[in-house]
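One structure is given here, and the rest of the page talks about it.
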Number of protein chains: 2
Amino acid sequence: MTTSAPQDAPQEDYLLLDQQICFSLHAASRAFTSAYRVVLKDLGITYPQYLVMLVLWEQGELPVKKLGERLRLDSGTLSPLLKRLEAAGLVRRERSARDERSVEVRLTGEGTALRERALAVPRRIVSATSFDVDEIRDLRDRLNVLTAALDEAALDEAALED
Amino acid sequence: MTTSAPQDAPQEDYLLLDQQICFSLHAASRAFTSAYRVVLKDLGITYPQYLVMLVLWEQGELPVKKLGERLRLDSGTLSPLLKRLEAAGLVRRERSARDERSVEVRLTGEGTALRERALAVPRRIVSATSFDVDEIRDLRDRLNVLTAALDEAALDEAALED
DNA sequence: CACAATTCAATTGCCCACAACTAAATGGCG
DNA sequence: CGCCATTTAGTTGTGGGCAATTGAATTGTG
């Protein structure tokens, strides 16, 4: 696999391409976040907080663990974020009675009500992208493939450390 | 433009689509960053620091201002990051003699030398994505279009605040 | 039952992103 | 020349992301 490079010539070019792709993804992600920041300011929540609310609006309630799996975020990110959502009155956090290790995150009435106002968000974002729905879906699919491949590669890497 | 919705029925669907696309982009960006984190650990730099080094390897030296324009980062991000690169011995920062407001960022010998080791990075990342070069280029182009559209929409928004 | 391994959330510490503000230097303009 | 708007970095404060660690609860196993 890692014999010395099959083609050594374009290694310089790869560094340039790398500069372009990693910059592009990073910049796109930040531009996207920035667009949401503007739109979400009315709702008083941030972009990552919005992601959490989207899951809760769909699921109603679920433990921190499940939330982390859905969003690929760990407790180091979620714990303080959920505290802020709780301080804002949008969710409650309660230790599960059945398993005291687990913390259930539940929407409050206020949190549920916020969904109505959030319905206007996607349209504003979509229009800001100048993409149509099919293009967005296609981009989403590509990104999911990319993420899955990167995750798998990360697992392989981890497996090598034995 | 913003008359009441041309089609009200699928507003719920939009919220679902939004959940998917914003999650996908966010997750892809983090998966990408994570892949770089693994590869860059050998070089002792982080992903945003690598972005800075890529620009410096191409340009040799340039003021903080120009660096920020290239990377779309402001001084609040760059100042501490550049201090860390300086502490690591990879760059020097010097007030410009001609314009004392400006700070020139220059590669040190060590910083220049690091490029040799960085040449191995892109190939490892590309192989982790399981995409071929054309697919990567295409994705990069789409992301650039997306970013440009979002930036323009942000400008329009700002223009409305008069 | 008792003890060890595992699971789960929280905390700590470091880095990045960005808004808002500060301070210093520059360039124009009366 | 003297003053003011602009430009440029830096600082501060808030929020996120993540690795590493902690502590409590649970599960598994002898």
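Per chain, numbering begins at 1; letters A, B, ... match sequence-line order.
Side-chain contact between B:Arg95 and B:Glu104 is absent, with no heavy-atom pair separated by less than 4.5 Å. Taking the side chain as every heavy atom from C-beta outward, A:Ile125 and A:Val121 approach each other to under 4.5 Å.
Nearest nucleotide to the B:Leu73 side chain, out of C:dA17, D:dA9, D:dC18: C:dA17. Considering only side-chain atoms of A:Asp99, the nucleotide from D:dA25, C:dC18, D:dT8 that sits closest is D:dA25. In the set C:dA10, D:dT26, D:dA9, D:dT26 carries the atom at the smallest distance from any side-chain atom of A:Glu100.
Residue A:Arg101 places no side-chain N or O under 4.0 Å from the OP1 or OP2 atom of C:dA10. Between B:Ser102 and D:dT7 there is no side-chain N or O to OP1 or OP2 distance below 4.0 Å. Look at B:Ser75 and you won't find any side-chain N or O under 4.0 angstrom from OP1 or OP2 of D:dT11. A sub-4.0 Å separation between OP1 or OP2 of C:dC16 and a side-chain N or O of A:His26 is absent. Proximity of B:Arg37 to the phosphate of C:dC15: no side-chain N or O atom is located under 4.0 Å from OP1 or OP2. Close to D:dA9, at under 4.0 Å from its OP1 or OP2, lies no side-chain N or O of B:Arg95. Considering only side-chain N and O atoms, A:Lys83 lies under 4.0 angstrom from the phosphate OP1 or OP2 of C:dT11.
Atom CG of A:Leu146 is separated from atom CG of A:Asp141 by 12.5 Å, given to the nearest 0.5 angstrom. To the nearest 0.5 angstrom, B:Arg92 atom CZ is 5.0 Å from B:Glu94 atom CD. Between the CG atom of B:Leu54 and the CZ atom of B:Arg115 there is a distance of 9.0 Å, given to the nearest 0.5 Å.
When the nearest nucleotides of DNA chain D are assigned to B:Val64 and A:Thr77 by heavy-atom distance, the more 5′-ward of the two goes with B:Val64. Comparing A:Arg30 and A:Lys66 by the nucleotide of DNA chain C that holds the closest heavy atom to each, the one mapping nearer the 5' end is A:Lys66. In terms of position along DNA chain C, the nucleotide closest to A:Gly76 lies nearer the 5' end than the nucleotide closest to the other residue of the pair A:Ser34 and A:Gly76.
In this structure, B:Gln49 atom CD and C:dC14 atom P are separated by 14 Å, rounded to whole Å. Between the CG atom of B:Leu85 and the C1' atom of D:dA9 there is a distance of 16 Å, rounded to whole Å. For A:Asp74 and C:dG13, the CG to C1' distance is 14 Å, given to the nearest whole Å. When rounded to the nearest whole Å, the span between CG of A:Leu82 and P of C:dC8 equals 16 Å. Counting to the nearest Å, the P atom of C:dC18 and the CZ atom of A:Phe32 are 15 Å from each other. Distance CD (A:Glu69) to C1' (C:dT7): 12 Å, rounded to an integer number of Å. Atom CG of B:Leu71 and atom P of C:dC15 are 19 Å apart (whole Å). Here D:dA9 presents its C1' atom at 14 Å from CG of B:Leu62, a figure rounded to the nearest Å.
In plain terms, the two heavy atoms of B:Arg142 and A:Phe131 that are nearest each other are O-CZ, 3.8 Å.
No hydrogens or angles were tested; on distance alone, nothing pairs the side chain of A:Thr46 with the base of D:dG15 as donor and acceptor under 3.5 Å. Between the base of C:dA9 and the side chain of A:Ser79 there is no donor-acceptor pair shorter than 3.5 Å.
Residue contacts shown for B:Pro80 are absent, as no nucleic acid heavy atom lies under 4.0 Å away. In this structure, B:Leu78 reaches neither bases nor backbone, as no heavy-atom distance under 4.0 Å exists between it and the strands shown.
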